[in-house]
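Before any comments, here is the structure.
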Amino acid sequence: MQYWLLKSEPAAYSIDDLARDGRTPWDGVRNYQARNFMRDEMKVGDVIFFYHSNIKEPGIVGEGAVCSTPYPDETAFDAQDPHYDPKSSRESPRWYLVDICFKKKYACGLSLAQIRSVNNLCDMRVAQKGSRLSVTPVSKEHALVIRATVT
DNA sequence: GCCAACGTTGGC
DNA sequence: GCCAACGTTGGC
């Protein structure tokens with residue numbers, strides 16, 4: 001089983017939205033590395049650390065799980081959708097996604113500043129300067145430290 | 001709101 | 001295949 005970190009701007013989709021929905025297709029990702037992780041490496045049951053970005057105090061706020069196999073991102077086919085990509089077609093889809101399910105919202109999460117201040121977490125990809133990738137693998141070691149630190 | 005860092009596009 | 005220009009991300 002693998003661990004992942006998924007970034008989301010809470011204004012667009014927050015952990016509370018996921019708690020309400022229970023399950024959601026992680027659509028709109030338009031980055032090849034992120035797509036490859038979802039399409040080629042994610043497995044049902046993998047753990048998702050849910051990260052809020054682009055806010056005053058960014059950080060990990062809860063957990064979800066991968067709950068589908070990969071399938072094409074429908075929003076790429078919809079000309080009305082902000083993530084429309086005319087180069088993606090049903091015959092030859094360019095973008096793939098998985099569904100993710102809500103697991104828990106932390107009472108006390110882990111801010112980016114905290115992640116950077118913890119010796120065993122400061123080398124997480126998300127803590128690196130200029131890190132923009134919205135889907136990143138998390139090592140088992142990092143996952144254990146995260147889970148031991150949050151409540 | 002600023003701006004550095006990054007990924008993508010497209011002309012050549 | 002290079003690389004300048006552009007758009008976006010995301011911390012601050």
Side-chain angles (χ1 to χ4, degrees), chain A residues 2-21 24-42 46-66 70-139 141-143 145-151:
Chain A
Q2 253 275 55
Y3 301 87
W4 304 93
L5 184 140
L6 257 54
K7 286 187 197 173
S8 184
E9 300 190 20
Y13 198 84
S14 71
I15 188 75
D16 293 316
D17 293 325
L18 184 59
R20 178 199 63 214
D21 295 341
T24 196
W26 202 246
D27 57 24
V29 173
R30 296 293 178 268
N31 172 284
Y32 290 105
Q33 259 187 290
R35 178 205 66 183
N36 292 347
F37 283 138
M38 289 200 285
R39 187 190 61 186
D40 305 335
E41 296 191 38
M42 280 192 184
D46 281 1
V47 171
I48 301 292
F49 293 108
F50 200 98
Y51 178 94
H52 280 173
S53 67
N54 218 358
I55 49 169
K56 271 218 173 102
E57 192 168 84
I60 298 169
V61 293
E63 279 180 34
V66 174
Y71 61 96
D73 185 342
E74 283 288 320
T75 65
F77 308 139
D78 178 2
Q80 307 307 315
D81 193 281
H83 301 292
Y84 174 60
D85 181 358
K87 290 173 183 163
S88 187
S89 66
R90 286 199 168 77
E91 300 72 47
S92 176
R94 174 176 292 204
W95 303 110
Y96 284 78
L97 52 72
V98 295
D99 288 352
I100 65 165
C101 294
F102 177 75
K103 285 294 178 191
K104 66 172 79 164
K105 179 182 177 180
Y106 298 143
C108 187
L110 201 50
S111 72
L112 178 59
Q114 288 175 298
I115 290 170
R116 287 188 167 137
S117 72
V118 175
N119 272 344
N120 292 330
L121 291 180
C122 59
D123 56 339
M124 281 187 71
R125 184 116 183 218
V126 73
Q128 280 155 25
K129 189 185 176 189
S131 168
R132 290 171 44 178
L133 193 56
S134 65
V135 178
T136 47
V138 174
S139 71
E141 291 72 25
H142 285 154
V145 176
I146 292 167
R147 281 179 154 170
T149 310
V150 298
T151 47

If I take atom [atom1] in residue [X] and atom [atom2] in nucleotide [N], what distance separates them, rounded to the nearest angstrom?
X	N	atom1	atom2	result
A/R125	B/dA5	CZ	C1'	13 Å
A/I55	C/dG11	CD1	P	8 Å
A/L6	C/dG10	CG	P	11 Å
A/D85	C/dT8	CG	P	13 Å
A/L133	B/dA5	CG	P	18 Å
A/Q128	C/dC12	CD	P	14 Å
A/E57	C/dG10	CD	P	17 Å
A/E9	C/dG11	CD	C1'	12 Å

| task | With DNA chain B as reference, determine whether A/R94 or A/S131 sits nearer its 5' end, using the nearest nucleotide of each. | result |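 Result: A/S131.
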| field | Lys/Arg-Asp/Glu bridge criterion (N-O < 4.0 Å) met for A/R30, A/D73 | value |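 Here A/R30 pairs with A/D73 in a salt bridge, since their nearest N and O are under 4.0 Å apart.
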| query | Do A/R39 and A/Y32 get their side chains close enough for a donor-acceptor pair, meaning under 3.5 Å? | reply |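 On atom types as modelled, these side chains do not qualify, holding no pair under 3.5 Å.
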| field | Nearest-neighbour nucleotide for the A/N54 side chain, C/dG10, B/dG7, B/dG10 considered | value |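 Side chain of A/N54 sits closest to C/dG10.
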| Nearest to side-chain heavy atoms of A/K87, which nucleotide of C/dG10, C/dC12, B/dG10 |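 Closest of the options to the side chain of A/K87: B/dG10.
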| task | Check the pair A/W4 / A/D46 against side chain to side chain donor-acceptor pair (under 3.5 Å), numbers first and verdict last. | result | CA-CA 7 Å; A/W4 304 93; A/D46 281 1; 2.9 Å; yes
| At under 4.0 Å between heavy atoms, what does A/K7 touch on the DNA or RNA strands: base, sugar-phosphate, or nothing? |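 Since only primed, P, OP1 and OP2 atoms lie under 4.0 Å of A/K7, the category is sugar-phosphate.
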| message | Base, sugar-phosphate or nothing for A/R30? Non-hydrogen atoms, less than 4.0 Å. | response |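 Nothing, no nucleic acid heavy atom in range.
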| query | Under 30°, 30 to 60°, or over 60°: which ring-plane class applies to A/Y13 and A/F50, parallel, tilted or perpendicular? | reply |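 Because their plane-to-plane angle lies in the 30° to 60° range, the rings of A/Y13 and A/F50 count as tilted.
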Residue-phosphate contact under 4.0 Å: [X] side-chain N/O, [N] OP1/OP2:
X	N	value
A/Y51	C/dG11	yes
A/R35	B/dG7	no
A/K129	B/dA5	yes

| said: Around atom CD of A/Q128, are there more than 12 heavy atoms from other residues, nucleotides or ligands closer than 6.0 Å? | reply: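 Yes, because the 6.0 Å sphere around CD of A/Q128 holds more than 12 heavy atoms from other groups.
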